[in-house]
> 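This is the structure I have questions about; it appears just below.
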Number of protein chains: 2
Amino acid sequence: MSDRSEALASYPEPALKAVCGNCTLRELCLPYGLSADDLDRMDGLVTLRRSVARGRSLFRRSDPFEALYSVRSGFFKTCITTEDGRDQVTGFHMAGDLLGLDAIGRERHNCDAIALEDSQVCVVAFSRLERLAREYEPLQRQLHQLMSREIAHDQSMMLLLGGMRAEARIATFLIDLATRLVQRGFSGSAMVLRMTREEIGLYLGMTLETVSRSFSKLQLDGVLEVRQRQIRIIDQDALLRIATPA
Amino acid sequence: MSDRSEALASYPEPALKAVCGNCTLRELCLPYGLSADDLDRMDGLVTLRRSVARGRSLFRRSDPFEALYSVRSGFFKTCITTEDGRDQVTGFHMAGDLLGLDAIGRERHNCDAIALEDSQVCVVAFSRLERLAREYEPLQRQLHQLMSREIAHDQSMMLLLGGMRAEARIATFLIDLATRLVQRGFSGSAMVLRMTREEIGLYLGMTLETVSRSFSKLQLDGVLEVRQRQIRIIDQDALLRIATPA
DNA sequence: CGAGGTGTTGAGATTTGTCAACCTACGTGG
DNA sequence: CCACGTAGGTTGACAAATCTCAACACCTCG
């Protein structure tokens, strides 16, 4: 749905006069909630866009932190690789999502961000964002809300990982994905996964085999139609019930 | 170690002229990194302290969000209870920790905060904090860092919950606890747990029986000495190895 | 058309959960 | 000050969920 083939490598692009006020994502992104006047002030906040080819990284763990990245198009995963080889996918990110919030605290990135398809991001220099946030209260508020929601979201992941069965995890995952797609104007019932079974497993804390079996089971039960990465939600109520067992 | 018996109920106290500049916790808390001059400006940020008796709540899920709370003394857990009865402990909090960051996004609290011993908190009116953060860059920076670290911490919990075995979870939990106690000037090898086995289990995503068995196993292996809630770390290296399997 | 990455399925091993019995420590009230 | 009740903790036996290992199917891309 968004295969811009203009640029496949991962390098800075000449500034395209990125103006948040014109951006179709402004309802999802940092400028959300800002008035037209405030939007004008955002001018110059995004100085740069960057393209990242599928499979390449936007940043890597322990890279120095300089900017946040707002996904303009494409799809990313963020993941932490431990010394002992295991790794955990900490999130999947689509248009409008902000990447890098976990790096502010230590001034280094804490995870790798990998493009799962050819993608483009807006580069938000953090020092500039902080300065603007000091000047414009609505922007400050929006930044705090985004960070806070990230915390709340991660805590609901703790809930999922700490106490749900495999099927409930998958159901919750699909509902979350569908919700976000709907927010972006896509169908909430027919979707194409951008990640492998293994990546889903690393996100949901289970093996790829268990992911696969759960999909098969849900298909058998008439809740989903699964054909490789094409998923169709047939019975949304059932899915909700499975995500929240009695 | 901190049994102030002055006030056992959960009610506001007359302002005690709380001045961050005098506070012994300033190295751990919001004012961290501020100069003496900046500290003066924090005057009036904390208008109120509150005592919370053991077992009582500081706030509950869906309470309107008005303030952050900095733990002055005592010990809290935060937890989310789902409709279906399960609940997940999202964190344990001791002196210097800031509670409520997850509520900014929705302007309602997302979890319950329960005192596990008689405790006292500083009440930080959030609107006032935001205003000050707009005026004093170092305070803004510190607030962002604290939120970011909370995100990074929650993500490392995802890693634990997503991929570690019971024993590794317990080992990681104890190391984290010991580290935080050391930061506060306590022993890192002998400690008294403030929470039940069940609460540990709800935090680490396992049953209380598995928690108990893991403690017993670690004791049998000569890594810990366990007597109820009194824990002594005998072999720190072994504990580290268990927390990070090959 | 072949190769490699990805996905599915099966059988058996392992870990953890469940249920139940029992033990221990602590606080309360007689 | 002691006895008892109760919440919390330990341990065992068994069940259930998930992981591991392995074989094979599918799809895409060169």
Side-chain angles (χ1 to χ4, degrees), chain A residues 3 5 8 53-55 77 84-89 114 116-118 160-171 173 192-221 224-231 242 245, chain B residues 3 5 8 53-55 77 84-89 114 116-118 160-171 173 192-221 224-231 242 245:
Chain A
D3 268 39
S5 45
L8 295 181
R54 176 179 173 169
K77 70 171 175 181
D84 51 304
R86 239 196 52 73
D87 72 0
Q88 173 77 29
V89 172
I114 314 284
L116 297 186
E117 56 183 69
D118 295 343
L160 178 149
L161 292 167
M164 291 185 177
R165 320 252 96 150
E167 260 185 74
R169 295 185 198 200
I170 293 285
F173 168 70
V192 177
L193 303 181
R194 294 287 132 93
M195 69 296 280
T196 66
R197 301 290 192 257
E198 181 172 29
E199 286 161 336
I200 296 172
L202 291 172
Y203 182 53
L204 299 179
M206 56 212 232
T207 61
L208 64 94
E209 291 95 331
T210 304
V211 174
S212 182
R213 275 187 253 268
S214 300
F215 275 128
S216 299
K217 175 83 178 347
L218 288 170
Q219 179 164 44
L220 197 71
D221 294 350
L224 299 181
E225 193 179 299
V226 182
R227 213 164 61 237
Q228 306 291 127
R229 299 197 183 179
Q230 315 226 7
I231 306 283
I242 292 163
Chain B
D3 269 39
S5 44
L8 295 182
R54 175 179 174 171
K77 70 171 175 181
D84 51 305
R86 239 196 53 72
D87 72 1
Q88 173 76 29
V89 172
I114 313 284
L116 296 186
E117 57 184 70
D118 294 343
L160 177 150
L161 292 167
M164 291 183 176
R165 321 250 96 154
E167 260 187 73
R169 295 184 198 200
I170 292 284
F173 168 69
V192 177
L193 303 181
R194 293 290 134 90
M195 69 296 279
T196 66
R197 301 291 192 258
E198 180 171 30
E199 285 161 337
I200 296 172
L202 292 172
Y203 182 52
L204 299 178
M206 55 212 233
T207 60
L208 65 94
E209 291 95 332
T210 304
V211 174
S212 183
R213 276 187 253 269
S214 299
F215 275 129
S216 299
K217 175 83 177 350
L218 289 170
Q219 178 164 45
L220 198 69
D221 294 349
L224 299 180
E225 193 180 298
V226 183
R227 213 165 60 239
Q228 307 290 126
R229 299 199 183 177
Q230 315 226 7
I231 307 283
I242 292 165

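Each chain gets a letter, A, B and so on, in the order the sequences are listed, and its residues count up from 1. Quick caveat: nothing in here was measured; it's all calculated off a predicted structure. Hydrogens, waters and symmetry mates play no part in the numbers below; they use all other heavy atoms, side chains included.
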> Rounding to an integer number of Å, can you tell me how far B:Arg165 CZ sits from C:dT15 C1'?
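Nearest whole value for this atom pair: 6 Å.
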
> D:dG8 C1' sits how many Å from B:Arg54 CZ, rounded?
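Going from B:Arg54 (CZ) to D:dG8 (C1'), I get 11 Å.
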
> Between A:Gln230 (side chain only) and A:Val192 (backbone N and O only), is there a donor and an acceptor less than 3.5 Å apart?
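Absent.
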
> CD of A:Gln230 versus C1' of D:dT28: gap in Å, rounded?
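That distance rounds to 14 Å.
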
> Just by distance, do the side chain of A:Ser214 and the backbone of A:Thr210 share a donor-acceptor pair under 3.5 Å?
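Pair found, side chain donor or acceptor close to backbone of A:Thr210.
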
> Would you kindly give the CG-to-P distance between A:Leu202 and C:dT6, to the nearest whole Å?
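To the nearest whole Å, that distance equals 12 Å.
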
> Could you tell me whether a side-chain N or O of A:Arg169 sits under 3.5 Å from a main-chain N or O of A:Met164, the two making a donor and an acceptor?
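Present.
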
> Round to a whole Å and report the spacing from CD of B:Glu198 to P of C:dG17.
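The answer, rounded to whole Å, is 13 Å.
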
> OP1 or OP2 of C:dT16 sitting under 4.0 Å from any side-chain N/O of B:Thr210?
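For C:dT16, OP1/OP2 do not have a side-chain N/O of B:Thr210 under 4.0 Å.
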
> Find which nucleotide of DNA chain D each of A:Glu209 and B:Phe215 is nearest to by heavy atoms, and output the residue with the more 5' nucleotide.
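Residue closer to the 5' terminus by nearest nucleotide: B:Phe215.
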
> Hey, does B:Gln228 reach any base, or is it just sugar-phosphate, or nothing, if we go heavy atoms under 4.0 Å?
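Sugar-phosphate, backbone atoms only, no base.
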
> Can you tell me if the side-chain N/O atoms of A:Thr196 get under 4.0 Å from OP1 or OP2 in C:dT6?
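A:Thr196 to C:dT6 OP1/OP2: no side-chain N or O under 4.0 Å.
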
> What is the distance, rounded to the nearest whole Å, between atom CZ of B:Arg229 and atom P of D:dG8?
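That distance rounds to 7 Å.
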
> Between atom CG in A:Leu161 and atom P in D:dT18, what is the gap in whole Å?
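Taking atom P of D:dT18 as the reference, CG of A:Leu161 is at 13 Å.
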
> Which part of the nucleic acid, if any, lies within reach of B:Arg213 when heavy atoms closer than 4.0 Å are counted: base, sugar-phosphate only, or nothing?
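Contact class for B:Arg213: base.
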
> Let's see if you can work this out: which of D:dC19, D:dT10, D:dG8 has an atom nearest to the side-chain heavy atoms of B:Ser212?
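Closest nucleotide to the B:Ser212 side chain: D:dT10.
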
> To the nearest Å, give me how far apart CG (A:Leu208) and P (D:dC24) are.
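One finds 18 Å between P of D:dC24 and CG of A:Leu208, rounded.
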
> Does the B:Glu199 side chain pair with the main chain of B:Val89, one donor and one acceptor, at a distance under 3.5 Å?
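A pair under 3.5 Å: no.
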
> Do A:Arg194 and A:Glu117 pass the salt bridge (charged side-chain N to carboxylate O under 4.0 Å, His left out) test, and can you show the C-alpha distance, the side-chain angles, and the key distance before you say yes or no?
CA-CA 7 Å; A:Arg194 294 287 132 93; A:Glu117 56 183 69; 2.7 Å; yes

